[in-house]
Amino acid sequence: MSTMARSTVPLLTGVFIWLLAPSVPALAQNAEGMFVTVPNPITSEAVNRIKAQVSPRIDPKSLQRARTVIFDFNPDDKPSATADFGAALSLQNYILNEVKPQGVTTVAFVHAETTAHTVLPVLACSEIVMSKGNGAAIGRIVGDVVPPFGPKDSKRIIYQETLDKVGGVRAGLGAVVRKMYDKDVQLRRGEDKASPVRQKIFIDAREPDELKRVAGAIAVDGAQDGQIGLFATRYARDIELCKAIAETRAEVAEIYGLPPSSLRDDPLQGQTPDVFQWTLKKDIDASTRESVGRIIRDVQAKGGNVLVLIINAGGTDLVAARALADDLRKAQTGEKPLKIVALIPETAPGAGTVVALGCSEIVMTKTKPDAEGEVNEAEIGDFTQYLKKARPEDADAVLESIRQLATAQGYPAVLIDGMFKRDLEILRASRKSSGNRKVIMTREEFDRDNEAAKKATPANETPDVWVQDKVIKSPGQLLKLSATLAAELGLARTTVEGSDASAVSAVYGWPDAKSPDPGWLDRFADFLKQPPVTVLLVVIGFTGLILELKLPGLTVPGIIAALCFILVFWAHSKFSGQTFVLALLLFLMGLVLVGMEIFVIPGFGAAGISGILAMLAGLALVTLEKVPQTGSDWGELGMRVSQYMIAMVGAMILSLFIARFLPKLPGANRLVLNAPDDVSHPTEVLPGAGEAAGLIGAIGTSNTALRPAGVVKFGDKFVDVVSDGGYIPAGTRVQVIMVEGTRIVVKEV
């Protein structure tokens with residue numbers, strides 16, 4: 001029994017300490033181990049999958065050899081019962097004859113009612129951990145699912161042999177297990193008269209010889225005569241069938257010193273690794289989620305089962321990052337599960353950290369010491385930029401969302417708190433009753449638990465208090481974890497010296513990683529995002545826009561301009577993120593201002609200049625990797641604005657050249673459409689260029705407003721014209737100053 005169970009302190013103190021700490025000695029912190037979900041019911045196919053999953057990890061030659069294997073017998077916290085004795089026996093044989101001989105500690109985690117032949121492999125495990133809630137219980141081998149055993153049924157022998165092979169305390173629980181399938185067993189416990197230390201034993205009181213062996217035989221709580229035995233957690237612990245109490249996988253992992261990455265079932269499930277790699281380079285937003293989704297589908301379509309996601313990106317769109325993290329978690333389950341390893345070669349601030357939390361495991365780079373002895377380490381957990389601009393209520397909501405993600409992944413949520421809260425002090429502590437188990441907690445929790453332990457301990461006893469091991473975060477600063485510290489605390493699975501997928505493959509013993517095909521859409525976007533291509537699109541776009549304004553009625557330049565600008569915005573933002581919204585609004589506002597200047601406000605002044613600057617700012621902003629925050633970022637924005645301003649000047653020169661020579665090209669004048677007629681009487685249009693040329697110097701009266709196109713009356717003829725650039729109201733005297741083909745230009749006189 002444990003130290004607490006043998007303690008002679010008053011009952012209240014014993015119960016208090018029992019609730020606070022399990023009695024199982026912990027293994028070394030962050031020792032290698034794994035959880036395995038045992039399906040309900042157990043089938044032969046399920047056993048084969050478990051073998052394929054466990055065997056490579058317990059091989060002494062494995063680079064990540066698991067020394068603790070925890071079998072979770074209650075998937076989704078639901079009751080488990082198996083009628084197929086052969087399948088249950090197969091799993092029992094594997095645990096006893098293949099896993100145990102490798103020196104591996106096998107643990108059965110029971111956190112719901114576990115009955116029928118599922119009990120057999122549970123009993124085969126070296127240790128059993130149970131939860132206090134959710135109706136956790138073990139027993140009732142026969143009943144609704146399994147018919148009663150006959151007097152000579154070989155299953156009776158197999159259950160007893162299972163206890164004998166496990167040995168230790170378990171070997172003395174034969175009467176307890178018989179009670180689980182024979183309601184007539186009269187279960188009693190007492191002290192073994194033959195034992196020098198009066199060891200506690202369990203007997204069937206119907207057997208006179210067994211009854212003579214014990215002194216002080218008493219009934220066992222939870223095992224009523226005439227009923228099949230079903231032992232809830234507190235009764236199972238009392239008879240030493242259960243060795244520790246834990247409510248979640250995370251608590252079980254803490255007991256055995258396992259890293260958080262071990263909490264999740266390995267998506268590989270024993271398959272041969274087929275590794276792919278992909279790198280996140282820009283700030284993470286909703287478009288990143290779309291791209292990664294296409295990558296995952298491509299890897300799955302090609303039969304890949306491992307994706308090394310190199311995260312060399314950050315960002316402040318934590319909502320999009322959380323959505324991507326959920327997508328990654330979903331990709332690790334289902335029909336084609338992927339093992340997704342996040343590699344952080346340098347830093348993953350903000351959104352990069354959130355995405356890493358959604359991966360199967362996190363690996364971080366830690367280089368060898370250079371000539372001066374310096375070591376470069378990757379960092380994770382920097383949310384400084386997000387917190388600078390986020391409203392407190394938004395930051396609180398995001399923190400809670402990321403805490404839920406961390407908890408679901410088995411990571412200590414208190415570390416996430418430290419990344420958001422400056423005033424928090426975080427410690428790592430342990431206490432004598434929990435062996436080597438080290439717990440991460442806040443200073444407030446540390447002081448509160450110790451004060452409660454002192455109050456519950458009699459004056460003549462030493463209180464079982466927490467002892468500080470290390471200060472992880474001091475008050476007044478935000479928590480950022482280096483590769484070394486992240487690995488020490490279990491957030492990172494391990495560290496590697498390299499910064500690419502080959503370094504991960506070397507540690508895991510995997511083949512070289514391949515590159516997936518992101519699809520033509522992403523390839524096209526990457527092509528458009530090249531600076532020369534972007535500038536060319538901007539030049540063509542402005543050229544088309546100017547031509548559409550200078551030559552009213554042309555539709556092709558306008559269509560081309562719209563297409564170019566749409567491609568620029570799509571390629572650089574994929575219609576996502578706050579930066580895109582701001583850039584798009586600036587560009588649209590610029591178009592509106594320029595339009596007002598041309599068609600509404602006479603002349604060219606503040607509105608036109610402001611519109612042009614707004615359009616340039618929108619283009620510059622959408623092509624930046626992130627929102628400007630530092631001096632260098634703003635300098636980069638200024639350079640982009642200057643770049644596109646030069647492009648616009650070039651577009652103006654090009655458009656003037658095209659406007660001058662386009663009408664002279666054979667067939668080109670067919671592109672020029674007649675301006676719309678807003679007068680009630682028919683318009684007589686000069687039939688050809690020769691007649692139009694005869695109007696040079698002619699004076700007429702504008703019949704409609706020229707914006708800049710409209711109709712002017714020359715004598716008794718109504719002719720379509722354009723102004724020389726300004727707005728001319730109706731009824732104004734105008735003079736023809738230039739004729740290009742059928743295009744007639746006038747000015748106010």
Does Gln735 use its side chain to pair, donor to acceptor, with the backbone of Gly697 at less than 3.5 Å?
-> yes
With distance as the sole test, does Asn305 use its side chain to make a donor-acceptor pair with the main-chain N or O of Asp274 at under 3.5 Å?
-> yes
Given the rule in the side-chain contact (heavy atoms from CB on, under 4.5 Å) test, do Phe718 and Asn703 qualify, once you have shown the distances and angles that lead to the verdict?
-> CA-CA 8 Å; Phe718 294 90; Asn703 191 67; 3.7 Å; yes
Considering all heavy atoms of both residues, which atom of Ala342 and which atom of Cys359 are nearest to each other, and what is their separation?
-> CB-SG, 3.5 Å
Aromatic ring pairing Phe420/Tyr386, orientation class (parallel under 30°, perpendicular over 60°, tilted between) | perpendicular
Atom NZ of Lys421 and atom CG of Asp396: how far apart are they, to the nearest 0.5 Å?
-> 7.5 Å
Decide yes or no on side chain to side chain donor-acceptor pair (under 3.5 Å) for Gln332 and Ser360, but give the supporting numbers first.
-> CA-CA 7 Å; Gln332 297 165 45; Ser360 308; 3.0 Å; yes
Can you check whether Leu481 reaches Met419 side chain to side chain, under 4.5 Å on heavy atoms?
-> yes
Assess whether side chain to side chain donor-acceptor pair (under 3.5 Å) is satisfied between Thr701 and Arg733, documenting all intermediate values.
-> CA-CA 5 Å; Thr701 304; Arg733 283 171 55 82; 5.7 Å; no
In this structure, OG1 of Thr353 is separated from CD1 of Ile380 (nearest 0.5 Å) by 4.5 Å
Looking at Asp298 and Lys302, does any basic side-chain N land under 4.0 Å from a carboxylate oxygen?
-> yes
Under 3.5 Å: donor-acceptor pair, side chain of Glu377, backbone of Ala483 = yes
Under 3.5 Å donor-acceptor, Gln300 side chain and Glu335 backbone | no
Hey, are the side chains of Leu338 and Val306 touching, using non-hydrogen atoms and a 4.5 Å cut-off?
-> no
About how many Å separate CG of Leu405 and CD of Glu400, when rounded to the nearest 0.5 Å?
-> 11.5 Å
Charged N to carboxylate O below 4.0 Å: is that the case for Asp326 and Arg322?
-> yes
Smallest separation among heavy atoms of Val496 and Ala503, with atom names = CG1-O, 3.8 Å
Go through the steps to decide whether Ile402 and Phe383 satisfy the test side-chain contact (heavy atoms from CB on, under 4.5 Å), and finish with yes or no.
-> CA-CA 12 Å; Ile402 300 175; Phe383 290 91; 4.1 Å; yes
Does the side chain to side chain donor-acceptor pair (under 3.5 Å) test come out yes or no for Ser723 and Lys747, once each step is laid out?
-> CA-CA 6 Å; Ser723 72; Lys747 70 174 182 178; over 6 Å; no
Mark yes or no for whether Ser702, through its side chain, and Thr732, through its backbone, hold a donor-acceptor pair below 3.5 Å.
-> yes
Counting distance only, does the side-chain N/O of Thr367 pair as donor-acceptor with the main-chain N or O of Glu497 below 3.5 Å?
-> no
Check Ala356 against Ile344 and note the closest heavy-atom contact, atom names and distance.
-> CB-CD1, 4.2 Å
May I have the step-by-step check of side-chain contact (heavy atoms from CB on, under 4.5 Å) for Leu491 and Leu357, ending in yes or no?
-> CA-CA 9 Å; Leu491 193 66; Leu357 292 174; 3.9 Å; yes
Sidechain-backbone polar pair: Thr704 side chain, Gly710 backbone, donor-acceptor under 3.5 Å = no
Evaluate the side-chain proximity of Asp327 to Ile296: yes if any heavy-atom separation is below 4.5 Å, no if none is.
-> no
Heavy-atom closest pair, residues Ala413 and Arg403 | CB-NH2, 3.5 Å
Between atom OG1 of Thr316 and atom CD1 of Ile284, what is the distance when rounded to the nearest 0.5 Å?
-> 11.0 Å
Is the closest side-chain heavy-atom distance between Leu706 and Val721 below 4.5 Å?
-> yes
Approximate separation, where rounding is to 0.5 Å, of Leu399 CG and Asp394 CG = 12.5 Å
Shortest non-hydrogen pair, Val275 vs Ser505, comes out as CG1-OG, 4.4 Å
Beyond-backbone contact of Leu328 with Val292, side-chain heavy atoms, under 4.5 angstrom = yes
Going by heavy atoms in the side chains, are Thr288 and Val355 under 4.5 Å from each other?
-> no
Yes or no on salt bridge (Lys or Arg N to Asp or Glu O under 4.0 Å) for Lys713 and Asp716, after CA distance, side-chain angles and deciding distance?
-> CA-CA 7 Å; Lys713 183 179 181 182; Asp716 58 352; over 6 Å; no
Close side-chain approach of Val719 and Ile744, heavy atoms under 4.5 Å = yes
State, yes or no, whether a side-chain contact exists between Phe276 and Val308 at a heavy-atom distance under 4.5 Å.
-> no
Reported CD1-to-CD distance for the pair Ile295 and Glu290, which is rounded to 0.5 angstrom | 13.0 Å
So which heavy atom on Met364 is nearest to which on Ala492, and how close?
-> SD-CB, 4.0 Å
Check Ile362, Thr365, Leu309 against Leu343 for a side-chain contact (heavy atoms from CB on, under 4.5 Å) and give me the one that passes.
-> Thr365
Kindly say whether Pro345 contributes a backbone atom to a donor-acceptor pair with the side chain of Ser499 at under 3.5 angstrom?
-> no
Step by step, work out the side-chain contact (heavy atoms from CB on, under 4.5 Å) result for Asp500 and Thr279.
-> CA-CA 9 Å; Asp500 55 18; Thr279 303; over 6 Å; no
